[in-house]
Protein chains: 2
Amino acid sequence: MSPSGMGVPLVETAPRRRQASVRLLSEPQVSRLSLYRRQLQALPLDSPPTIHSHTLAALCGTSAAHVRRDLMTIGFAGSPVRGYDVEQLIGAIGRQLDAPEGQRAVLVGVGQLGRALLNYFTTRRPHLRLVAAFDIDPEKTGRVIHGCRVWPLAELGEVVREQGITVGVLTVPAEAAQEVADRMVEAGIAGFLNFAPVPLRLPARTFVEEMDITTSMERAAYFARALVGGGRRKDEQRAG
Amino acid sequence: MSPSGMGVPLVETAPRRRQASVRLLSEPQVSRLSLYRRQLQALPLDSPPTIHSHTLAALCGTSAAHVRRDLMTIGFAGSPVRGYDVEQLIGAIGRQLDAPEGQRAVLVGVGQLGRALLNYFTTRRPHLRLVAAFDIDPEKTGRVIHGCRVWPLAELGEVVREQGITVGVLTVPAEAAQEVADRMVEAGIAGFLNFAPVPLRLPARTFVEEMDITTSMERAAYFARALVGGGRRKDEQRAG
DNA sequence: ATTCAGTTGTGAACGGGATCACAGCGTTAC
DNA sequence: GTAACGCTGTGATCCCGTTCACAACTGAAT
Ligand SMILES: NC(=O)c1ccc[n+]([C@@H]2O[C@H](COP(=O)([O-])OP(=O)(O)OC[C@H]3O[C@@H](n4cnc5c(N)ncnc54)[C@H](O)[C@@H]3O)[C@@H](O)[C@H]2O)c1
Ligand SMILES: NC(=O)c1ccc[n+]([C@@H]2O[C@H](COP(=O)([O-])OP(=O)(O)OC[C@H]3O[C@@H](n4cnc5c(N)ncnc54)[C@H](O)[C@@H]3O)[C@@H](O)[C@H]2O)c1
């Protein structure tokens, strides 16, 4: 479950299972690799051309062993003493994560959150771009927001198919989420970022990243209490 | 790391370890319990007063065994045939997740994303409320946005201490995140929701939920490719 | 009263991600 | 040249969340 944290591959009814034919990175690995790359790219220009697992680990909040293990599984080798070549590593990660020809994404639901995300992602790197937005409200369609055109929902299928879009961001109200998601799947979307506070029920061969902010907040609250509160938890429970 | 969904307890340098005095739920358990409750509360008024593990599982995209196991660990019993009492269960979950006296949260960084979140959380349930916002920009402070007063950053310590606030949402630019987070810790915040795309380095007894949207998006893109690609990962990519 | 269908509760097995530990080696210093 | 340091690569291990499987049980039906 994922937003934080939590990643959620959803299959038809009960059991969750992802299966791919070839070598597939695990969900946490993809997350970490994505983070490694971002941190490497954010390195100051005058920093050395190689980096140690320790250093990268510190930048990413992991352990050095973890970093080495990850780089091992993508077959990237470093040199003792010098460490890993930063340029090369960025390239190697890209070769794992990015589609060679780039990938495009759409956003559905141009409300408060949708607009913030549009702004955020249209100023981002080009290998994964938000290229279209959709809304059901005629007030919102037709305009161009943050360089991204807003289409009527009815055009979804055509635009997605025409451009071979595979990734979708869902920021519609909870009540509409399942229905809209179904339409997106039908159009060809296979990877979802779902911000609606409702778990999507989608067919297999589909991946949903649940960005459940409410749940994440409750987690933060729970562990904040657990960590600072120290004691004070009752073990009393109730039943019918 | 979590983002992505993923939960991230960060300790000083390398090793991550959470330790609490008493019985502590695991991170995924807290997420699921939070979700169970939300789904139960969203049940139609005319639905039966009890619910089976199957049904709840379907609503939450998990398995029945999982639900039973979770309810077992919080010591909540159901009856064969009838299932679990919905009212009682909602109460039992609350007794686990919520602070008896309620919990308050602050948000720092009233930008695009911050405003969206303010709007979202001030219309939410009362056991966990956003009670104050902070920004460094004098243009933004002094006003009341969505029922939430925006203070100058300088007031952070006082407000947090005065109201015993333990949870904080971070929506400042990446460059400012670490510094602001440090100030929040100093003021007494122990649970974080970090939307800045930078892993926070915080002392032990602190919990960070990394809401790394970029990473989540790359995960969705990666698995979308992996799943629809059907076989090849390298070149196999079709057009519309 | 008795049977029966279907659900809960839970020990046990499983799987896989995180972590450990160390051998091997490249680099630098002298 | 060579010694020594410290980092990488990786088998092995650990740990914990997930899943299985089934006995116990409840309520309904007859
Ligand atoms: N705002 C936040 O900070 C926040 C935080 C967490 C979760 N969410 C969730 O994200 C979603 C959007 O939140 P928001 O605050 O932007 O709401 P919003 O009401 O501002 O935006 C919703 C948008 O979706 C559009 N819409 C409605 N039905 C649609 C349909 N069937 N097809 C296409 N578009 C449709 C509306 O016209 C509107 O533009 C909600 O599910 C909300 O629960 C929001
Ligand atoms: N907008 C999005 O959809 C989105 C998505 C993912 C992540 N993020 C991240 O969330 C953060 C905020 O994004 P945004 O789009 O709202 O940016 P924004 O520029 O609109 O808002 C940033 C706000 O933080 C305030 N600020 C700056 N420095 C500060 C400081 N030291 N103390 C307190 N406040 C300070 C600014 O005055 C501004 O109001 C960024 O880190 C961004 O990377 C945003």
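None of the values given here were measured: they were computed from a predicted structure. Residue numbers start from 1 in every chain, and the chains themselves are labelled A, B, ... in the order their sequence lines are given, proteins ahead of strands.
A:Arg32 has a side-chain polar atom (N or O) that falls below the 4.0 Å cut-off from OP1 or OP2 of C:dA18. For C:dT8, the OP1/OP2 oxygens have no side-chain nitrogen or oxygen of B:Ser79 closer than 4.0 Å. Neither OP1 nor OP2 of D:dG6 sits under 4.0 Å from any side-chain N or O of A:His52. A sub-4.0 Å separation between OP1 or OP2 of D:dT19 and a side-chain N or O of B:His66 is present.
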Show your working on side chain to side chain contact (heavy atoms under 4.5 Å, CB included) between B:Phe223 and A:Val167 and close with a plain yes or no. CA-CA 10 Å; B:Phe223 288 108; A:Val167 179; over 6 Å; no
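In this structure, A:Leu33 places its CG atom 13 Å from P of C:dG17, rounding to the nearest Å. Atom-to-atom, CG of A:Leu71 to P of D:dG9 comes out at 8 Å; the value is rounded to the nearest Å. If you measure from atom CG of A:Asp70 to atom C1' of C:dA18, you get 10 Å, rounded to the nearest angstrom. Atoms CE (B:Met72) and C1' (D:dA24) sit 15 Å apart, rounded to a whole Å. Atom P of nucleotide C:dG17 and atom CD of A:Gln29 are separated by 7 Å, given to the nearest angstrom. Atom pair A:Leu24:CG and C:dG17:P shows a separation of 10 Å (rounding to whole Å applied). To the nearest angstrom, P of D:dG27 lies 13 Å from CG of B:Asp85.
Judged by distance alone with a 3.5 Å cut-off, no donor-acceptor contact links the side chain of B:Arg68 to the base of C:dT7.
Of the candidates D:dG6, D:dC25, D:dT19, D:dG6 carries the atom nearest the A:Pro80 side chain, counting heavy atoms from C-beta on. Checking C:dA18, C:dG9, C:dT19 against the side-chain heavy atoms of B:Tyr84 singles out C:dG9 as nearest. Checking D:dG17, C:dT7, C:dG26 against every side-chain atom of B:Ser26, the shortest atom distance belongs to D:dG17. The side chain of A:Arg69 sits closest to D:dA12 out of D:dA12, C:dG17, D:dG9.
Residue B:Thr215 forms a side-chain hydrogen bond (donor to acceptor under 3.5 Å, both in side chains) with just one option from A:Arg38, A:Glu209, A:Arg32, and that option is A:Arg38.
Looking at every heavy atom in both residues, A:Pro197 comes nearest to B:Tyr120 through CG-OH, 3.7 Å. When every heavy atom of A:Asp85 is checked against every heavy atom of A:Phe76, the shortest pair comes out as O-CZ, 3.8 Å. The heavy-atom pair separating A:Pro199 from B:Gln39 by the smallest distance is CD-NE2, 3.3 Å.
If you find the closest nucleotide of DNA chain C to B:Ile51 and to A:Ala65, the one lying nearer the 5' end belongs to B:Ile51.
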